[in-house]
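Quick note: numbers below take in every heavy atom, side chains included, and nothing from hydrogens, waters or symmetry partners. These figures come from a predicted structure and were not determined experimentally.
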Amino acid sequence: MHSASENGAERPAPPAAASSSGQAESGFASALQAETGPANGGLQGKADVPADVRNSSDGPPSAKGQKAKRRRNRKRGGKNGSGGREQSQKFSALDNPSERQANHSESLPASEANGAYSRPAVPGRKRPVPGKGQPDGRGRGPRPGNANRIRGSVARQDNRKLYAALDLGTNNCRLLIARPEERGFRVVDAYSRIVRLGEGVGAHKRLSDAAMDRAIDALANCHRKLAERGVERSRLIATEACRAAENGADFISRVQAETGLALEIVNRETEARLAVAGCVSLVDQEAEGVILFDIGGGSSEIVWLDLRNRCGARGYALTRFVRSWISLPVGVVNLAERHGGVHVTPDIFEAMVSDAAEHLAAFSLGEELTAAISSGRVHMLGTSGTVTTLAGVHFGLKRYDRRRVDGAWLENTQVGAMIDRLRDMPYEERVENPCIGADRADLVLAGCAILEAIRRRWSCSRLRVADRGLREGILTELMAADGVWSRRKTNGRQTGRQRGKP
């Protein structure tokens, strides 16, 4: 990790609002390593902590205590009292998931080789955790006097600590709650709802009452999850809809008054940075450059990672290699509102492509990026509903499956074929497609038009699909700032190399 806040240094204030395009040398890279959001999170008031967590001690429970705990869990229907419904997904923030089988202590199923989340846990069953009264995989339980000794680099108290990331966008309200692990984190709960907060903002410059009501209803559900889980560290952000609306700040105040959540409206530079932090683990090890894009509801971010001098760096360390970036003021919601998203003719589609392409001219170092692509070792990395939809349709999924989509590679010809297929697909067929559905049927072609504009400007032979983004970036930065992947504890003492010491 490269954040100064990892070693207790005071975190600098967030950077001032930046222009929609800039280079790493102008402050992007330094902000990438430094800013991690509000120190105390956005949840107002002290969340209720479950009794079994509140009363737990650092030492391992006795055999009698274990037996009593198992008996209580059976009565409650699961360890967390939720009937075993806890989502168990694993995200690797530190390395490329294609290598996790070699680097992680556990082998992964073949179906997960190109992703970063593990399979959902079997209801009512939990994988044994060494050092918590369970066998460590070699037939041994915890030894007396070794209560603080753990395998891996994440201390036991960090495994208990929960982090949360909330992204209120133009189209969606999304929440992730996760717990750090050795090489990333495990998602224990998630929430997503389409709220279309930015509906009509392009025309009227204001958030509508109906849109705000939908968003507040979703945020109230998020607050409930945060409180039930006892989240200790969080960052809750709002993006383009609140940035562009005249009443965006008033809406944030209303959210805090009605739900108790303190959201921050982040600038475009921060949004681009978080997208990078959330997706860099999917960068090809051999790549000399990456065009990372995030097609959102109200804006689209494009980042060039120049990796020609990466010197073996990978994972989160690649966030230092941002060469240039831009935030386009077009997303699937405002583009569809301008041109129509239900019945899209070839002429309408081309008009949307031209609309998005006009903004790409402002990308600094665009010609240098074109020259870098000519080497053939630059690939695209897309994080958005548009690219995940394209991948799902390409694989012919009868039901969207994140494990099949996240980390998947598509050839340039396959991407073009999928865009053509969706463009020619009637609205009713898009509604019935299980990877699109009624909620996205009128928006997916606007996203395809933005992607097509990017492809025509910078053509790469391959595109990697990322079903991850801002929330994962937030979680990665929060955990990196807390140093959860850099601490090793043995018998209660911190060891290993510390920053500034040999």
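A side-chain donor-acceptor contact under 3.5 Å links Asn267 and Thr270. A donor and an acceptor atom, one from each side chain of Asn221 and Arg224, are located under 3.5 Å apart. Side-chain atoms of Tyr191 and Arg193 include a donor-acceptor pair closer than 3.5 Å.
In this structure, Ala164 and Val231 approach most closely via the heavy-atom pair CB-CG1, 3.6 Å. The minimum heavy-atom distance between Leu168 and Ala215, with the atom names listed, is CD1-CB, 4.4 Å. Heavy-atom minimum distance, Arg254 versus Asp213: NH2-OD1, 2.7 Å. Taking every heavy atom of both residues into account, Asp294 and Ala275 meet most closely at OD2-CB, 4.1 Å. Between Gly169 and Leu197, the closest heavy-atom pair is O-CB, 3.9 Å. When all heavy atoms of Gly382 and Val387 are compared, the closest pair comes out as O-CG2, 3.3 Å.
Judged by distance alone, with hydrogens and angles left aside, the side-chain atoms of Trp485 form a donor-acceptor pair with the main-chain N or O of Glu181 at under 3.5 Å. Judged purely by atom type and a 3.5 angstrom limit, Thr389 uses its side chain to pair as donor or acceptor with the backbone of Gly385. Put simply, the side chain of Arg310 gets close to the backbone of Ala313: a donor and an acceptor are under 3.5 Å apart. Checking side-chain atoms of Arg229 against main-chain N and O of Leu226 turns up no donor-acceptor pair under 3.5 Å. Judged by distance alone, the side chain of His394 and the main-chain N or O of Met418 form no donor-acceptor pair under 3.5 Å. Under a 3.5 Å cut-off, the side chain of Thr319 and the backbone N or O of Tyr316 do form a donor-acceptor pair. Of the possible polar contacts, none joining the Glu258 side chain to the Val255 backbone as a donor-acceptor pair under 3.5 Å is found. A donor-acceptor pair under 3.5 Å is formed between the side chain of Arg214 and the backbone N or O of Val195. Judged by distance alone, the side chain of Asn172 and the main-chain N or O of Arg174 form no donor-acceptor pair under 3.5 Å. Side-chain atoms of Arg462 do not come within 3.5 Å of backbone N or O of His379 as any donor-acceptor pair.
One distance of note links CD1 of Ile450 with CD1 of Ile295; it measures 5.5 Å at 0.5 Å rounding. Atoms CG and OG1, on Asn334 and Thr170 in that order, are 7.5 Å from each other to the nearest 0.5 Å. Between Leu175 atom CG and Cys173 atom SG the span is 7.5 Å, to the nearest 0.5 Å. For the atom pair Arg196 CZ and Asn171 CG, the distance stands at 5.5 Å (nearest 0.5 Å). Distance check, rounded to the nearest 0.5 Å: OG1 of Thr239 to CG of Leu470 gives 7.0 Å. Interatomic distance, Thr388 OG1 to Asp401 CG, rounded to the nearest 0.5 Å: 12.0 Å.
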For Val431 and Ile436, what are the C-alpha separation, side-chain angles and deciding distance, and is it a side chain to side chain contact (heavy atoms under 4.5 Å, CB included)? CA-CA 6 Å; Val431 170; Ile436 303 175; over 6 Å; no
From CA spacing to verdict: side chain to side chain contact (heavy atoms under 4.5 Å, CB included), Met380, Val290: CA-CA 6 Å; Met380 286 186 171; Val290 172; over 6 Å; no
Start with the C-alpha distance between Leu305 and Val276, add both sets of side-chain angles, then the distance that settles side chain to side chain contact (heavy atoms under 4.5 Å, CB included), and finish with yes or no. CA-CA 9 Å; Leu305 294 175; Val276 172; 4.3 Å; yes
Show the numbers, then the answer: is there a side chain to side chain contact (heavy atoms under 4.5 Å, CB included) between Trp325 and Glu269? CA-CA 8 Å; Trp325 67 279; Glu269 181 179 2; 3.7 Å; yes
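Contact check for Glu477 versus Leu274: side-chain heavy atoms found under the 4.5 Å cut-off. Using a 4.5 Å cut-off on side-chain heavy atoms (C-beta onward), Ile302 and Leu292 make no contact. Counting heavy atoms from C-beta outward, Leu166 and Ile237 have side chains that stay 4.5 Å or more apart. Contact check for Cys242 versus Ile252: side-chain heavy atoms found under the 4.5 Å cut-off. Residues Gln256 and Leu261 form no side-chain contact, since every pair of their non-hydrogen atoms from C-beta on lies 4.5 Å or further apart. Tyr400 is listed as a side-chain neighbour of Val405, based on a closest heavy-atom distance under 4.5 Å. Looking only at side-chain heavy atoms (C-beta outward), Met479 and Tyr163 come within less than 4.5 Å of each other. Between Val266 and Glu264, the closest side-chain pair of non-hydrogen atoms falls below 4.5 Å.
Ion pairing between Arg471 and Asp167 fails under the 4.0 Å rule for side-chain N and carboxylate O. By the 4.0 Å N-to-carboxylate-O rule, Glu240 lies close enough to Arg243 to be salt-bridged with it. Under 4.0 Å is where a charged nitrogen must lie from a carboxylate oxygen, and between Asp482 and Lys161 at least one such pair does. With respect to the salt-bridge test (charged N to carboxylate O, under 4.0 angstrom), the residues Asp467 and Arg403 do not qualify.
In this view, Ala466 and Cys279, Leu282, Leu381, Thr383, Asp406, Arg468 satisfy the side chain to side chain contact (heavy atoms under 4.5 Å, CB included) rule, not counting sequence neighbours.
Cation-pi check for Arg404 over Phe395 is met; the charged atom lies under 6.0 angstrom from the ring centroid and within 45 degrees of its normal.
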